[in-house]
**Q** 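This structure is in structure tokens; I'll ask about it shortly.
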Amino acid sequence: MSRRLLSWSGGKDAAWTLHTLQQRDDVEVVALLTTVTSGYERVAMHGIRRDILHAQAEATGLPLIEAVIPPKCDNDHYESAFALALAQARERWPDLDCIAFGDLYLADVRAWREASCARLGWTIDTPLFGADTAALAREMTASGLQARLCCVDTQQLASEFSGRAFDDALLAALPPSCDPCGENGEFHTLVHAGPMLRRPIALQAGEKVLRDDRFAYADFLLA
């Protein structure tokens, strides 16, 4: 059986990647890897609180490896933290050399990941790549996956969408310019229930803030 490390953002695409891999009998996901910003103590980009991240990992039943980066991290610091996290994973699982990502169709992002990981002696797996994102989004909601929009890029989507549930009503309300899975960075999500989690995570809505005059974050806390 081939082992995988999974890049875990806390969002729906990472969660669905886990679910997809769990359906296979030739693959075993052994751990999650998440990039966390120090000081903020939140998942990079998504802004998910660290305690919620830990609750997600516990609900998957998988160990969590954290790559810790500083605020306003440059690429060199990011790659260093990522390399250290991969080394920690390989120390525990010496034969582990493949990491899965939830990329859907951005070929340039996938190529960058592939090159970055290859330099460290790793290969990548992107089981969702090339999927029809409209069909995939509806498959997610039909499966029982539940998520909230925790970050919205207001240059691509109205800030009012921040905090909303990722459901069929949201998909119907998205403008035609917005990818149904937010693959162009229109929005990021926080998964709190679904077939990849052993139990749902109870959340409490917090404040909403606009950062960098662009990103509308909806904060969530453990209920």
Side-chain angles (χ1 to χ4, degrees), residues 6-21 23 32-35 42-48 52-53 56 78 99-117 124-197 203 205 208-220:
L6 174 63
S7 176
W8 180 267
S9 63
K12 60 177 177 44
D13 296 340
W16 198 252
T17 299
L18 175 60
H19 177 61
T20 300
L21 292 174
Q23 307 313 299
L32 311 176
L33 187 156
T34 304
T35 304
R42 294 174 183 263
V43 177
M45 288 301 297
H46 287 59
I48 297 170
I52 294 178
L53 167 65
Q56 288 179 324
Y78 170 80
I99 178 169
F101 293 92
D103 295 326
L104 299 177
Y105 64 71
L106 297 181
D108 55 340
V109 173
R110 186 186 185 282
W112 178 79
R113 295 196 201 283
E114 192 169 37
S116 297
C117 290
I124 71 168
D125 183 14
T126 51
L128 306 184
F129 198 78
D132 179 305
T133 54
L136 183 63
R138 297 200 179 278
E139 185 180 358
M140 290 179 183
T141 59
S143 76
L145 181 147
Q146 296 179 41
R148 302 293 289 269
L149 271 62
C150 54
C151 177
V152 165
D153 180 356
T154 61
Q155 292 186 4
Q156 303 187 73
L157 187 64
S159 62
E160 290 75 15
F161 282 90
S162 182
R164 284 189 59 169
F166 181 79
D167 54 18
D168 290 342
L170 174 97
L171 295 175
L174 291 174
S177 60
C178 182
D179 182 79
C181 286
E183 177 67 350
N184 296 306
E186 297 97 331
F187 59 85
H188 298 294
T189 55
L190 160 58
V191 166
H192 57 92
M196 69 297 299
L197 301 182
L203 300 177
K208 295 183 179 181
V209 297
L210 183 67
R211 298 196 182 280
D212 301 323
D213 293 321
R214 177 173 179 177
F215 297 103
Y217 283 92
D219 194 19
F220 291 94

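Fair warning: this is a prediction, and the values are worked out from it, not measured in the lab.
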**Q** Roughly how far, to the nearest 0.5 Å, is CD1 of Ile124 from CZ of Arg113?
**A**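 It comes to 7.5 Å.
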**Q** Is there a side-chain contact between Met45 and Cys151 (heavy atoms, below 4.5 Å)?
**A**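 Counting from C-beta outward, Met45 and Cys151 never come under 4.5 Å.
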**Q** Would you indicate whether the side-chain heavy atoms of Leu145 and Met196 approach each other to under 4.5 Å?
**A**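 Sidechains of Leu145 and Met196: in contact.
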**Q** Return the OG1 to CZ distance between Thr133 and Arg138, rounded to the nearest 0.5 Å.
**A**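 If I round to the nearest 0.5 Å, the distance is 11.0 Å.
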**Q** How long is the span from the CD atom in Gln146 to the CG atom in Leu203, to the nearest 0.5 Å?
**A**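 One gets 10.0 Å once the value is rounded to the nearest 0.5 Å.
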**Q** Any carboxylate oxygen within less than 4.0 angstrom of a Lys/Arg side-chain nitrogen, looking at Asp167 and Arg148?
**A**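 No, this pair does not count.
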**Q** Quick one: closest heavy-atom pair of Pro175 and Phe161, and the distance?
**A**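 What the structure gives for the nearest pair is CD-CZ, 4.5 Å.
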**Q** Taking the six-membered ring of Phe129 as reference, does the cationic atom of Arg110 (NZ for Lys, CZ for Arg) lie under 6.0 Å from its centre and within 45° of its axis?
**A**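 Pair Arg110/Phe129 counts as cation-pi.
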**Q** Less than 4.5 Å apart, side chain to side chain, heavy atoms only: is that true for Phe187 and Cys178?
**A**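 Contact flag for Phe187/Cys178 side chains = yes.
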**Q** Minimum heavy-atom separation for Asp13 to Cys181, with atom names?
**A**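 Asp13 and Cys181 have their closest heavy atoms at OD2-O, 4.0 Å.
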**Q** Working to the nearest 0.5 angstrom, can you tell me the gap between Trp112 CH2 and Cys117 SG?
**A**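 These two atoms lie 8.0 Å from each other.
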**Q** Before giving the answer on side-chain hydrogen bond (donor to acceptor under 3.5 Å, both in side chains), spell out for Thr126 and Asp103 the whole-Å C-alpha distance, their side-chain angles and the decisive distance to 0.1 Å.
**A** CA-CA 6 Å; Thr126 51; Asp103 295 326; 5.9 Å; no
**Q** Indicate the atoms forming the closest heavy-atom contact of Leu21 with Pro127, along with that distance.
**A**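 Smallest heavy-atom distance, with atoms named: CD2-CG, 4.1 Å.
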**Q** Can you check whether Ile48 reaches Cys150 side chain to side chain, under 4.5 Å on heavy atoms?
**A**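 Ile48 vs Cys150: side chains touch.
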**Q** Taking the side chain as every heavy atom from C-beta outward, state whether Leu149 and Ser162 have any pair of such atoms under 4.5 Å apart.
**A**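 In short, these two side chains do not touch, never coming nearer than 4.5 Å.
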**Q** On a heavy-atom basis, which atom in Ser7 and which in Ile99 lie closest, and how many Å separate them?
**A**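 Scanning both residues completely, I find the closest heavy atoms to be N-CG1, 4.1 Å.
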**Q** Quick check against the 3.5 Å criterion: does Ser143 have a side-chain atom that pairs as donor or acceptor with the backbone of Met140?
**A**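 Such a contact is found between Ser143 side chain and Met140 backbone.
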**Q** Is there a side-chain contact between Leu128 and Tyr105, using heavy atoms and a 4.5 Å cut-off?
**A**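 The answer is no; the side chains never approach within 4.5 Å.
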**Q** Within a strict 4.5 Å, meaning less than it, do heavy atoms of the Asp219 and Val209 side chains meet?
**A**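 Of all side-chain heavy-atom pairs linking Val209 with Asp219, none is under 4.5 Å.
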**Q** For Gly10, does its backbone N or O pair with a side-chain atom of Gln56 as donor and acceptor, under 3.5 Å?
**A**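 Checking the backbone N and O of Gly10 against the side chain of Gln56, a donor-acceptor pair under 3.5 Å is found.
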**Q** Shortest non-hydrogen contact from Ala134 to Pro180?
**A**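 Smallest interatomic distance, heavy atoms only, reads CA-CG, 3.7 Å.
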**Q** Near Asp108 CG, under 6.0 Å, is it more than 12 heavy atoms from other residues, nucleotides or ligands?
**A**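 Yes, the 6.0 Å shell around CG holds more than 12 heavy atoms from other groups.
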**Q** Would you indicate whether the side-chain heavy atoms of Glu186 and Asp153 approach each other to under 4.5 Å?
**A**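 Contact flag for Asp153/Glu186 side chains = no.
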**Q** Do the side chain of Ser159 and the main chain of Ala216 share a donor and acceptor less than 3.5 angstrom apart?
**A**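 Judged by distance alone, no pair lies under 3.5 Å.
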**Q** Let's go through Gln156 and Asn184 carefully: what are the C-alpha distance in whole Å and the side-chain angles of both, what is the deciding distance for side-chain contact (heavy atoms from CB on, under 4.5 Å) to 0.1 Å, and is it a yes or a no?
**A** CA-CA 9 Å; Gln156 303 187 73; Asn184 296 306; 4.0 Å; yes
**Q** Could you go step by step and tell me if Phe101 and Val109 meet the side-chain contact (heavy atoms from CB on, under 4.5 Å) rule?
**A** CA-CA 11 Å; Phe101 293 92; Val109 173; over 6 Å; no
**Q** Go through the steps for Glu139 and Trp16 under the test side-chain hydrogen bond (donor to acceptor under 3.5 Å, both in side chains), then give the verdict.
**A** CA-CA 10 Å; Glu139 185 180 358; Trp16 198 252; 4.5 Å; no
**Q** Applying side chain to side chain contact (heavy atoms under 4.5 Å, CB included) between Val43 and each of Ile52, Thr34, Thr35, report the one that passes.
**A**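 So, applying the side chain to side chain contact (heavy atoms under 4.5 Å, CB included) to Val43 and each of Ile52, Thr34, Thr35, only Thr34 qualifies.
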**Q** Has the side chain of Glu183 got a donor or acceptor atom that lies under 3.5 Å from a matching backbone atom of Asp179?
**A**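 Absent.
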**Q** Using the ring of Tyr217 (Phe, Tyr or Trp, six-membered ring only), decide whether Lys208 places NZ or CZ under 6.0 Å from its centre and within 45 degrees of its axis.
**A**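 Here Lys208 fails the 6.0 Å and 45° test against Tyr217.
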**Q** When rounded to the nearest 0.5 angstrom, what distance separates CD in Gln155 from CZ in Arg214?
**A**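 Answer for the CD-CZ pair, Gln155 versus Arg214, is 3.5 Å.
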**Q** Grab the two heavy atoms, one from Leu6 and one from Ala100, that are nearest each other, plus how far apart they are.
**A**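 Answer, listing the atom of Leu6 first, then Ala100: CD1-O, 3.5 Å.
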